[in-house]
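Heads up: the structure comes next, in structure tokens.
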Amino acid sequence: NEYIEEAIKKHGRRFDHDERKRKREAREGHKMSKIAQSLTGFKAKLHNKKRHAEKIQMKKTIKMHDERNNKQKTGQEPVAEGAVPTYLLDRENQTRAKVLSNMIKQKRKEKAGKWDVPIPKVKGMDEAEVFRVVKSGKRKSKEWKRMITKATFVGEGFTRKPPKYERFIRPMALRYKKAHVTHPELGATFCLPILSVKKNPSSPMYTQLGVITKGTVVEVNVSELGLVTQSGKVVWGKYAQVTNNPENDGCINAVLLV
Amino acid sequence: MKHTRDEHKHDLHTQPREKEILPQQPGERYVKPKVAKAALSVALEERRTQLAGATVVAQLISDVDGTALGGRLALPAATTVGQLAELVNRLTATAATDAVPYAFYVDVTDSNGSDGLKDGKQESALASSLLDDVLVGRGVSAELGLVIRFRPQAVFRVRTVTRCAASLSGHTEAVLCVAFSADGTLLATGSGDTTVRVWDLDTSTPRHTLSGHTGWVQMLAFAPDSRVLASGSTDATVRLWDPRSGAALGPPLRGHTGLVSALAWEPLHRNKACARLASASKDATVRVWHAPSRALLFTLASHSAPVACLKWGAEGFIYSGSRDKSVRVWDADSGKLVRVLDGHAHWVNALALSTEFLCRTGAWSHDLSAKQAREMSQDEALQIATDRYNKYAAQSGPAGKERLASCSDDFTIFLWSPTEGKKPIARLTGHMQLVNHIAFSPDGRTLASASFDKSVKLWDGLSGKFIDTLRGHVGAVYQVAFSSDSRQVLSGSRDSTLKVWDLATRKLKMDLPGHADEVYSVDWSPGGDKVASGGKDRVVKIWRH
């Protein structure tokens, strides 16, 4: 909405416009000083603060203008560090320190056995969550049996121990043989049979029992994918990390660790 | 001594175990490889005894101009190199006092074209005798006629440097460049602390400290008559100094808008007053100055990227190599662009001219005494320099022409004949990393290249054929320098060592450790007795025999 500008264009300004403008600007200094002197209280504080900031800016611009006029004495800037001959200019030479520190970091990583997994940290599962107490005995007072409430993998030749002696019950409904594995780069998902449970991040006991929860690293059979190593051998087992809660979903979704 | 497993572990916190490179005995004569009896197999031994008394028919041909010397000669098989040299001297009727040493090369193909060789090399350098090198070493039949080519070598022989004679400290920042004057009496070094120091070589003390620059001094160049020293710096100025008195010759030469990356003086035989100086800079121009009046003569502006290297040729052309992948040839008198030599695929790092040693030393040569050199007048100097240049140019074939070699970040080297045409003579490939520096031997026959792949490669200076790779450094090799008799080459590297290699045997002759940090610049004095090196550890080291 530019009606003011339009009107000015159409009809022009007052004849004494320039004179009045000049006089108004000349009075500006006096006006500002009167305001600054008469203000009190909180308003005064705000005004002073604003004025202080303005003065600092003004001083800076004046100094900058002054610099242009002054001729700087040569040799005042300090000489840069790290003198190199012409053939090494503009070359990024990795310093020896960086190379050594990289080497040390690599060695430490290998020693610690840390793997680079998509889900590095998982909330630990406590026993009360994973195991449910099963009461047994004539009076139902013995409580040494446990039933696993999470998804498990038991393997091909699994046979239960005699029911009287088995401590951990793995219900058949929660046993899974296959997992839906996604290849991170290709984006495709395959249903691949599980070979074993490699590591459950919560506890090594769960790994032994074959409990599969979110974050567990399992080994899957990838012979379907037809991967071949550099030396010509066919890869048939690869690790994958579980990305969902199988006990809630009824299936195991994992992402392949390439 | 019991070696536990721990001793072999490479512990990063203590000194790493160093691999010792045992130096060979410094040789003053031609290196005769001791043919150890144990090394020869029984069959070879048999062959040797069989052929010991045989006679071989040979034809001597000069390598310089291709003419035959005498007819076909019947030589005993056990003729040594020394005896062959004497023979050639007699046949060319040179007086005993003027006897010239020769290097001999045997072509082992016979006239039919089939070669009697095992490993495919066509040319065999003679090191000890015909019997050992050709007949037994290469398995050539004694009945074939041999063609022996001889090439004159420098009459004087430079002794190899073996020890650090002096460590000159004084610079407060890394030493970026070292330069000997044309007669080898003065040494100047430029450093990151913006000063140039001129050192007294006899007492190993700093003679003058020339301050004035406000940026790192990256380039130094002595005029061919050693009267003026020019220094280029990152503050985009070139300053002229009198190295003998330590005084600045007038105010700095201003004009460049970027740091000065290369300097080149006009050769003495073209200008007896040594008045003109060219400087190349990061602002992609080359400026030619008149040194006595400090006036800018003209600007050569055609490059589109920083000019990295500059050479003033002996035939009146200026060569400049730049990061825009081209080498440009300019006419030094008019300032016009004569030719653009294209071919490289990445930055051009360094240039080398086959006449470089001639241009650098001007009128000085090893048989001039110091007194004569000092008191020579300009006309005498001009005469001597012109004679030397004419003698060089009188060589037949490509040896007499000026050849230019350019090395680049694309791992290759181009060999050009820039006065003739745009097409390169050869493209020298083989390095695995960028080639940082190249140098022609003073006789223009061999080219050495230093690369970041830790090796130095030797190439034939006439055709560009690959000769050999010299391995031994454990870090990138930064610079190479030839000795003035063309028999040895020196390389300075990032691993803080210098290594002297023998060209006849192509082996490591001397390993010179001593620097505490990277070696940025090396120079061999034209007189051959001293080597100077400077590096990141702020110390300039002088090495002698």
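None of these values were measured; they are calculated from a predicted model. The sequence lines fix the lettering, A, B, ..., with proteins before strands; numbering per chain opens at 1.
The two residues B:F452 and A:R91 come nearest to each other via the heavy atoms CE2-CD, 4.3 Å. Considering all non-hydrogen atoms of both residues, A:A83 and B:Y520 come closest at O-CE1, 3.9 Å. The heavy-atom pair separating A:Y87 from B:S521 by the smallest distance is OH-N, 4.5 Å.
Within a 6.0 Å radius of CD in A:Q208, other residues, nucleotides and ligands contribute 12 heavy atoms or fewer. Surrounding CD of A:E2 are at most 12 heavy atoms belonging to other residues, nucleotides or ligands under 6.0 Å away. Other residues, nucleotides and ligands contribute more than 12 heavy atoms inside 6.0 Å of the CE atom of A:M58. Heavy-atom contacts from other residues, nucleotides or ligands closer than 6.0 Å to CD of A:E54 number more than 12.
Taking the side chain as every heavy atom from C-beta outward, A:T86 and B:W216 never approach each other to under 4.5 Å.
Only the side chain of B:D409 comes within less than 4.5 Å of a heavy atom of chain A; its backbone N, CA, C and O stay farther away. For B:R323, the part lying near chain A is the side chain, with the backbone staying farther off; criterion is any non-hydrogen pair under 4.5 Å.
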Apply side chain to side chain contact (heavy atoms under 4.5 Å, CB included) to the pair B:L259 and A:L89, showing each step before the final yes or no. CA-CA 11 Å; B:L259 63 91; A:L89 283 174; 3.7 Å; yes
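With sequence neighbours excluded, no residue satisfies ring-ring contact (aromatic ring centres under 6.0 Å, His included) with A:Y176. Residues satisfying the ring-ring contact (aromatic ring centres under 6.0 Å, His included) criterion with B:F414, sequence neighbours excluded, are B:H344, B:W416.
One finds the CG atom of A:L88 at 9.0 Å from the NZ atom of B:K536 (value rounded to the nearest 0.5 Å).
A side-chain donor-acceptor contact under 3.5 Å links B:Q218 to the backbone of A:V84.
No other option in B:S191, B:S261, B:A350, B:A174 has as many heavy-atom pairs under 4.5 Å with chain A as B:S261.
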